[in-house]
Amino acid sequence: MPYEETSLKKKLEIRAFKNFLGISFSKATGYARDLLLALKLGSDSVMDAWALSFQILTSLKTALVETPLESISIPVMSKIANDKEKHQSASGSLLTKIVFMLIPTLVILSLFSKNIATFLTAYKPSDIELEMFSSLIKGLLGYVSGAVISIWASCVLRSQGRMLAASLTPIILNLSIIACVLFLKKDPIETLTWGAGWGAWIGVVFQFYAFRLGKRWPKINWNNKYQQQFDKKYLEGVGVGIFPSLTLIATRYYATLLGSGSVSWLYYSTRLIQVPNSLIGVCIAQASLPELSIISKSNFSKELEKALRIGFVLAIPMTIYFFFESRFFTELLFQYGKFTNNDTAQVAAIFKILAISLPLVISESILTKACYAKNIHKKLIKIKLKQFLSCIAFLIFFFYGNFENKLSAVPVSSVISVSIGVLLLRKEFEMKNKNIFSISKKTKKYLIGIFFLFILFEQLEHNSWLNTLNALHWIKAAISACSILYVWKNEVIK
């Protein structure tokens with residue numbers, strides 16, 4: 001194996017592992033946060049308002065800041081990461097630009113929070129008070145400002161290959177919200193906004209401490225050529241991020257048409273499916289982006305195939321488990337306090353559909369980052385636009401069609417949109433399917449056996465003794481964990 005390929009493989013493994021550790025702790029605390037919200041709020045009007053405002057502001061933050069920074073700045077700064085002066089100058093001028101853009105945006109959101117709340121919800125006043133939604137939008141501006149600076153810091157750290165420091169900051173946000181919910185004796189809206197705001201800014205302090213350890217403080221240089229590159233490409237970066245954001249807004253608006261609780265159910269189910277995607281797809285994609293940005297063209301396809309193959313083989317046992325165990329998994333994590341049996345049934349139904357698309361979602365995450373590295377933003381914008389339009393068309397068809405469970409249109413439209421995205425993204429790269437989907441005959445037989453074993457367990461669950469003790473559910477969880485380890489050993493690190 002050539003030296004360059006061996007070196008890249010080791011770097012990818014080390015960075016992916018560090019990123020995996022950070023994301024694992026982040027998702028564990030995220031589960032604890034959502035469990036507490038389910039316990040205290042269930043799917044009531046306050047939870048609906050929180051889920052709607054928090055997700056929409058987060059998606060807009062991603063579209064306007066995170067995606068442009070990730071798709072443009074990381075590839076550029078990765079190439080100069082070894083030149084300390086240039087890297088400090090690029091990161092400093094980028095921070096200045098972000099701050100100048102952030103201030104007027106926060107002012108606009110504060111002044112027009114009620115108008116935004118009115119525009120983004122179709123709820124009747126009896127279902128959710130617009131004043132509550134408006135208060136959350138205004139109250140979460142502290143979180144937005146801190147989160148934007150945190151995104152900048154994370155991108156700078158990741159361009160240096162410091163994955164762990166960048167991926168640990170969401171933990172602080174989760175712990176802050178948990179602490180405020182548990183100990184702050186205020187109304188729920190004020191409690192949630194305080195928790196999110198403090199968490200975002202404490203995360204910024206943590207990241208600046210990481211800068212101090214690395215002795216890489218940002219330096220402002222107005223004539224920095226890397227800043228000029230960012231300015232030229234910024235609108236393309238926004239174009240890549242805005243359509244997924246608009247898709248989320250459209251699906252949440254659609255949910256508000258269906259009545260109280262729908263937005264909360266989508267929030268919980270989306271949070272559940274984000275965990276395996278983050279642990280595999282996002283983890284691999286973020287770790288590989290700096291290397292794909294500087295790799296030679298001859299090795300680009302090979303490294304991308306390796307990343308996609310790792311994501312694909314690890315997704316299979318997870319997909320099997322979550323598809324069959326969506327109800328038990330949701331009940332185990334959330335059904336406490338105000339979270340009812342009906343909430344569990346609704347969330348599990350959405351989660352089951354989303355689980356089917358897990359291999360595709362992971363592939364889309366990796367392929368999107370590969371587009372960033374290859375600097376093909378315009379083509380990526382067209383793909384995201386097609387995904388958005390397909391989602392909108394399906395939602396309209398489902399809403400006006402004679403369907404009983406209209407909320408299922410959201411996860412089904414997601415599966416269709418992701419499928420279209422992966423098919424279109426694959427055409428942008430010269431890859432061989434056999435290198436991505438190649439699995440040993442032994443592993444194929446093993447996974448097929450697991451699938452039919454789960455079908456058998458479904459039939460045995462009618463046995464009252466086994467069902468009372470949840471024995472089969474825990475056996476399936478153990479089998480799935482062993483399957484992931486088996487695939488990792490025999491297909492990833494072989």
Return the set of residues passing salt bridge (charged side-chain N to carboxylate O under 4.0 Å, His left out) with D343 (not counting sequence neighbours), or none when no residue passes.
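Salt bridge (charged side-chain N to carboxylate O under 4.0 Å, His left out) check on D343 returns nothing, list empty.
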
Contacts of [X] that satisfy side-chain hydrogen bond (donor to acceptor under 3.5 Å, both in side chains) - sequence neighbours left out:
X    : result
T251 : none
E305 : N435
T344 : Q335

Hey, are [Y] and [X] close enough side-chain-wise for a donor-acceptor pair under 3.5 Å?
X    : Y    : result
S440 : T443 : yes
S264 : S43  : no
S262 : Y254 : no
Q387 : T247 : no

Could you give me the CA-CA distance, side-chain angles and deciding distance for I56 and L248, then say whether side-chain contact (heavy atoms from CB on, under 4.5 Å) is met?
CA-CA 7 Å; I56 287 176; L248 183 138; 4.2 Å; yes

For residues [X] and [Y], report the shortest heavy-atom separation together with the two atoms involved.
X    : Y    : result
P68  : T62  : CD-O, 4.0 Å
R271 : G30  : NH2-CA, 3.6 Å
S150 : T169 : OG-OG1, 4.1 Å

Please assess E364 against R426 for the test salt bridge (Lys or Arg N to Asp or Glu O under 4.0 Å), listing each intermediate value before the final yes or no.
CA-CA 9 Å; E364 185 188 31; R426 286 283 306 280; over 6 Å; no

Does K476 count as lying over the ring of F457, i.e. NZ or CZ under 6.0 Å from the six-ring centre, within 45 degrees of the axis?
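No.
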
For K406, look at atom NZ and say whether over 12 heavy atoms of other residues, nucleotides or ligands are found less than 6.0 Å away.
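More than 12 heavy atoms, drawn from other residues, nucleotides or ligands, come within 6.0 Å of this atom.
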
Is it the case that over 12 heavy atoms from other parts of the model lie below 6.0 angstrom from the OH atom of Y446?
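Count over threshold, so yes.
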
Is it true that [X] and [Y] have ring centroids separated by less than 6.0 Å?
X    : Y    : answer
F351 : Y268 : no
F328 : W474 : yes
Y267 : F54  : no

Within residues 234-246 or reaching into it, pairs that qualify as salt bridge (Lys or Arg N to Asp or Glu O under 4.0 Å) - sequence neighbours excluded
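Every pair satisfying salt bridge (Lys or Arg N to Asp or Glu O under 4.0 Å) with a residue in residues 234-246: K233-E236.
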
Judged by atom type as modelled, is there a donor-acceptor pair below 3.5 Å linking the side chain of K384 to the main-chain atoms of V240?
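The answer is no, because no donor-acceptor pair under 3.5 Å joins these two groups.
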
Please check this pair: side chain of S413 against backbone of L395, looking for a donor-acceptor N/O pair closer than 3.5 Å.
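Absent.
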
Among residues two or more places apart or on two chains, list those pairs meeting ring-ring contact (aromatic ring centres under 6.0 Å, His included) that have a residue in residues 57-76.
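Pairs touching residues 57-76 that pass the test: none.
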
In terms of relative ring orientation, are Y321 and F329 parallel, tilted or perpendicular, with 30° and 60° separating the classes?
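Rings of Y321 and F329: perpendicular, as their planes differ by over 60°.
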
